[in-house]
Amino acid sequence: MTLHLYDSATRQIRPLDPVVPGRVGIYHCGLTVQGPPHIGHIRKEVVFDVLRRWLERAGYDVRIVANVTDIDDKIIAKGAENGEPWFAVAYRNERALHAAYEVLGCEPPTYEPRATGHVPEMIEMMETLIARGHAYPAQDGSGDVYFDVRSWPPYGELSNQSIEDMQEAPDAPADGKRDPRDFALWKGRKEEEPESASWPTPWGRGRPGWHLECSAMAAKYLGPEFDIHGGGLDLRFPHHENELAQSRAAGQPFARVWMHNAMLNLGSSKMSKSVGNTLTVAEVVKRVPAIALRYYLVAAHYRSIIEYSEESLAEAATTMSRIEGFVTRAASLVGRCDGGEIPPAFAEAMDDDLSVPAALAVVQDTVASGQRLLGHGASDDLRAALGSVRAMLDVLGLDPLDPHWAGSRDHGPAQAALGALVQQLLDHRAEARAAKDFAAADRIRDQLTTAGIAIEDTPQGARWTVKEDR
RNA sequence: GGUGGGUUGGCCGAGAGGCGAGGCAACGGACUGCAAAUCCGUUUACACGGGUUCAAAUCCCGUACCCACCUCCA
């Protein structure tokens, strides 16, 4: 079986059929960098990171483009509020986004174009749309340019709505519009807005109207037709609908499959800045290991709502550390076992619209049988189990031995010094136990526990780990 | 009002006509000097009311409630 994905345009699960065999082009809408990313934002990054890893394992050459929307009303407003340039806000939050990718082990997109860097491409696209009769400059001289929804009969095809049932688009006063549902491709500069937030065009100075940047940049970096367009479900309408209309009206076939991830809710409504129910990645990662947060975000199917709670996050942390426990114990017995095999059941689950929950059940089964083997010492079966657990976890970006997660933990002089000290204490404890002086042995264990070091006795002697629960 | 999606055991979370997904928690047992870790066992759920079927959590009709979008949003 090859990868099948749920296409939200046709509401069907369909096989991936790349435009260019062997290559997959993906565009997913990045962030409007008006604030640091919260865990709902990063859910989308994790989802597409898993998709990328799975496609790459299948041998595809994957190109991922995710835009950074670095200009919009809120960014300008925040700059004004803080008494700093709008671009100071944008760059700061873009760096916070990159830090969040890094913390959660998401490889950055292949290309990450900024809206403000693609104004000429947008102007060209508007000229094409105007020439084809699908766009027009505002009739009120505001400098806005609108898309003419009535000129494009398929409008509404992505979200399965008819124009008649839609409310008007309030992105600009209706005076300049032919139809109240026409949306802005470009926004003319307003008096109160900073000069630096505008660019010259044939219709006067102004700035991008959000939807257009994605159409222009997708075409530039992926070509007129590409494989997968993704983003949060909340972008389906109007953003993705409008992108689709613009690009097709400009003569481009555009995306073959539309893939939308469900929201992450907190207090039974979508995590969002305007509601005020946000938890930033930086905050959550102080309370729980980053790998546990990633597990939490990955473990639910990408089309299911995650109802955030402290309890379920803690549960994810427990489960992840159990898996990590197996991997590290097994590796200390039989080595890393790189290059393990992916069990067919795992592959089938992933190919079926990225069914990570079913795939994780395979991971759990393999871990459980590996744990049983562990009791009997080193064996080929154990090596196979470890290799395959690590291969599966790698697809999900959760392999504890991956340098990303293991790197800082197991190396460095401080770690070596700690190891030497702990080993001395463990040697004393072993002597005490051999002499049946259990009071002394337990005192040493308590000391270590208090210091945050957990002891496990195994047939090969005592193991120690620094506890990561915070 | 329009368009989608959902309601599963103490909790999280899959499945989508017959066969107990998986995890967490709890309890009992094994192992252990005691622990920890690990293993074994126990706990048969699908919002409600109808219907179709030999068989329904799954299909159909209705009801209730929840979420998302139709405003900026991942």
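Chain letters run A, B, ... following the sequence lines, proteins first and then strands; every chain starts at 1. All values reported here derive from a predicted model rather than from experimental measurement.
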Sugar-phosphate, base or nothing in reach of A:Gly30, heavy atoms under 4.0 Å: sugar-phosphate
A:Glu307 CD to B:rC66 C1', straight-line distance once rounded to whole Å: 9 Å
Donor-acceptor under 3.5 Å (A:Arg294 side chain, A:Leu396 main chain): yes
Minimum side-chain heavy-atom gap A:Leu448-A:Leu426 below 4.5 Å: yes
Sugar-phosphate, base or nothing in reach of A:Asn160, heavy atoms under 4.0 Å: sugar-phosphate
Test item: side-chain donor near acceptor, A:Asn242 and A:Gln246, under 3.5 Å: no
Distance between C1' atoms of B:rG10 and B:rG6 (Å, rounded): 22 Å
Rounded C1' spacing from B:rU8 to B:rA14 in Å: 10 Å
Sugar-phosphate only, base, or nothing, as touched by A:Thr449 at under 4.0 Å among non-hydrogen atoms: nothing
Nearest-angstrom distance, P atom, B:rA21 to B:rG33: 39 Å
Sugar-phosphate, base or nothing in reach of A:Gly40, heavy atoms under 4.0 Å: base
Whole-Å P distance, B:rG28 and B:rA36: 13 Å
Sugar-phosphate only, base, or nothing, as touched by A:Asp457 at under 4.0 Å among non-hydrogen atoms: base
Polar side-chain contact A:Gln364-B:rG23 base: donor and acceptor under 3.5 Å: no
Distance in angstrom units between A:Arg303 CZ and B:rA14 C1', rounded: 13 Å
Value in whole Å for how far the C1' atom of B:rU38 lies from CG of A:Leu374: 8 Å
Separation of the C1' atoms in B:rU44 and B:rC66, to the nearest angstrom: 27 Å
Gap between atoms NE2 and P, on A:His41 and B:rC72 respectively (whole Å): 15 Å
Whole-Å gap separating C1' (B:rG6) and CG (A:Asn265): 11 Å
Test item: side-chain donor near acceptor, A:His118 and A:Tyr221, under 3.5 Å: yes
Base of B:rG33 paired with side chain of A:Asp442 (donor-acceptor, under 3.5 Å): yes
Length of the CG-P vector between A:Leu233 and B:rU3, whole Å: 16 Å
Aromatic ring proximity A:Tyr308/A:His38, centre distance under 6.0 Å: no
Between B:rC24 and B:rG13 - C1' atom distance, rounded Å: 10 Å
Sugar-phosphate, base or nothing in reach of A:Arg445, heavy atoms under 4.0 Å: base
Salt-bridge present (A:Asp380, A:Arg383; N to O < 4.0 Å): yes
Touch class at under 4.0 angstrom, heavy-atom based, for A:Ala300 against every strand present: sugar-phosphate
Sugar-phosphate only, base, or nothing, as touched by A:Phe438 at under 4.0 Å among non-hydrogen atoms: base
Gap in Å between the two C1' atoms, one belonging to B:rG18 and one to B:rU53, rounded: 12 Å
Protein-nucleotide distance (A:Glu164, atom CD; B:rG2, atom P), rounded to Å: 15 Å
C1' gap between B:rC19 and B:rG2, integer Å: 42 Å
Touch class at under 4.0 angstrom, heavy-atom based, for A:Ile42 against every strand present: nothing
Separation of B:rG2 P from A:Arg181 CZ (nearest whole Å): 16 Å
Side-chain donor-acceptor pair present, A:Tyr91, A:Asp70, cut-off under 3.5 Å: no
